[in-house]
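Atoms within a ligand are numbered from 1 in the order they appear, just like the ligands themselves.
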Amino acid sequence: MSAAESAGESGRDERAEFLRDALAGLSGPGKSLPGKYLWDETCSDLFDRICAHPDYYPTKREMALLPQVASEVAAIVGPRVSVVEFGSGASRKIRTLLDALEAPAAFLGLDISGAYLEAALRRLAPDYPDVAMTPVVADYSKPVRLPPAAAEPPILGFFPGTSIGNFTPEQAGGFLARARETLGPSHFLVGADPTRDPGRLRRAYGEADGLMAALHLNLLDRMNRELGSDFDRDAFRHEARLADDPFRVEAHLVAIRPAAYQLGGRTIRFAAGETIRTDTSHKYAPETFRALATAQGWEPIRLWIDDDSGFSLHLFRAG
Ligand SMILES: C[S@@+](CC[C@H](N)C(=O)[O-])C[C@H]1O[C@@H](n2cnc3c(N)ncnc32)[C@H](O)[C@@H]1O
């Protein structure tokens, strides 16, 4: 099979899976979709703008912590490291790490938003001519194998931001176990956000001048474009809701009025006020997150906590 045929086939498989998950998530009451389907190029662009918005505290707090963390991590992991970033998106934070590491050998950016990832690595590569750059288009909610020879030991995994919080605690355990398989003997630097201040969370996840709403409403456009549905984005509004046990922020699209839409040959009905949960952000206290990772065989090495928000970066090791 040619490369073009095999790319076409994998695109068809992905669309079939998207349709299956969309029908399963939207057919009954308690409608929801896995957050990974938010991430097309438009969403990645919007997220990049959200990171620069004053309301979105996680990026700013993590960036404030990262220079110190990066130099301490560099001393721990030593020279010629291959760095593997999960969900690398615009690949901005990696610069701080690459700048601090001693002669890093390789960078593998792994992301589900393929075209955006490839463009980000094309922008990054000229600034790091001695670092071998490999984009890996993959879904990290499933097992991931790195391209052979692209990442030689020593290996440093990097999962910054609040992305680990998009998994339920059980799913996060599964991700951490899979990451051990993917990375092999390695260090792993992971961000986790413990914020519980309702005002701060509502501003970050609900406002940001409408950028968050645009990011979530884009999912309806994406389904219309890729799955042939007929959702009307003007008939929904975005809302961030706080929930407990475990503490989390949920993103919902709320139907403004009763409506019915077509998806994959089925009718999807909404009562006024009914919602689609489009993403979840679990907030992990450092000790809770450390226990979760330890249970998956990651040995805690070092923890850094931001004074202002409590945003934490954990360094783990697996032998
Ligand atoms: C919230 S953004 C974080 C981007 C960047 N790492 C940061 O910290 O600013 C999440 C990134 O993970 C990617 N992503 C989300 N779900 C994914 C999945 N299941 N597999 C691979 N990448 C995923 C998105 O495309 C996006 O680039």
contact_flag Thr59 ligand 1 heavy-atom lt 4.0 Å: no

Atom 10 (C) of ligand 1: the protein heavy-atom neighbour that sits closest, reported with distance to 0.1 Å: Ser163 OG, 3.6 Å

Where ligand 1 meets Ala138 - atom numbers and elements under 4.0 angstrom, heavy-atom basis: 20 (N), 21 (C)

Mutual orientation of the aromatic rings belonging to His238 and His216 [parallel < 30°, tilted 30-60°, perpendicular > 60°]: parallel

Step-by-step salt bridge (charged side-chain N to carboxylate O under 4.0 Å, His left out) determination, Asp40 to Arg225: CA-CA 11 Å; Asp40 65 359; Arg225 199 173 55 245; 2.9 Å; yes

Heavy-atom donor-acceptor pair, Ser91 side chain to Leu121 backbone, under 3.5 Å: no

Heavy-atom nearest neighbour in the protein, as seen from atom 25 (O) of ligand 1, with distance rounded to 0.1 Å: Asp111 OD1, 2.5 Å

Subset of ligand 1 atoms that lie under 4.0 Å from at least one heavy atom of Ser113: 25 (O)

Any donor-acceptor pair under 3.5 Å from Thr96 side chain to Pro67 backbone: no

Geometric class of the Phe236/Tyr261 ring pair [parallel <30°, tilted 30-60°, perpendicular >60°]: tilted

Atom 24 (C) of ligand 1: the protein heavy-atom neighbour that sits closest, reported with distance to 0.1 Å: Trp39 CD2, 3.2 Å

Close-contact set for ligand 1 against Gly89 heavy atoms, below 4.0 Å: 27 (O)

Heavy atom of Ser91, distance to ligand 1 below 4.0 Å: no

Candidate with minimal heavy-atom separation from atom 18 (C) of ligand 1, of Leu38, Asp139, Ile50: Asp139

Region of Tyr116 that comes within reach of ligand 1 [heavy atoms, distance under 4.0 Å]: neither

Parallel, tilted or perpendicular, as decided by the 30° and 60° cut-offs, for the rings of Trp298 and Phe316: tilted

Ligand 1 contact on Arg92 by region, counting heavy-atom pairs under 4.0 Å: neither

For atom 4 (C) of ligand 1, closest protein heavy-atom neighbour: Gly87 O, 3.4 Å

Presence of salt bridge, Asp308 and Lys60, under 4.0 angstrom: no

Any donor-acceptor N/O pair, His53 side chain to Asp55 backbone, under 3.5 Å: yes

Ring centres under 6.0 angstrom apart (Tyr284, Phe167): no

Minimum-distance protein heavy atom relative to atom 17 (C) of ligand 1: Tyr140 CZ, 3.5 Å

Nitrogen or oxygen of Phe47 less than 3.5 angstrom from that of ligand 1: no

Nearest-neighbour protein heavy atom for atom 22 (N) of ligand 1, which is reported as residue plus atom name and distance: Ile112 N, 3.1 Å

Parallel, tilted or perpendicular: rings of Phe159 and Tyr140 (30°, 60°): perpendicular

Residue and atom name of the nearest protein heavy atom (relative to atom 8 (O) of ligand 1), distance in Å to one decimal: Lys93 NZ, 2.6 Å

Which segment of Cys43 sits under 4.0 Å of ligand 1 when only heavy atoms are counted: neither

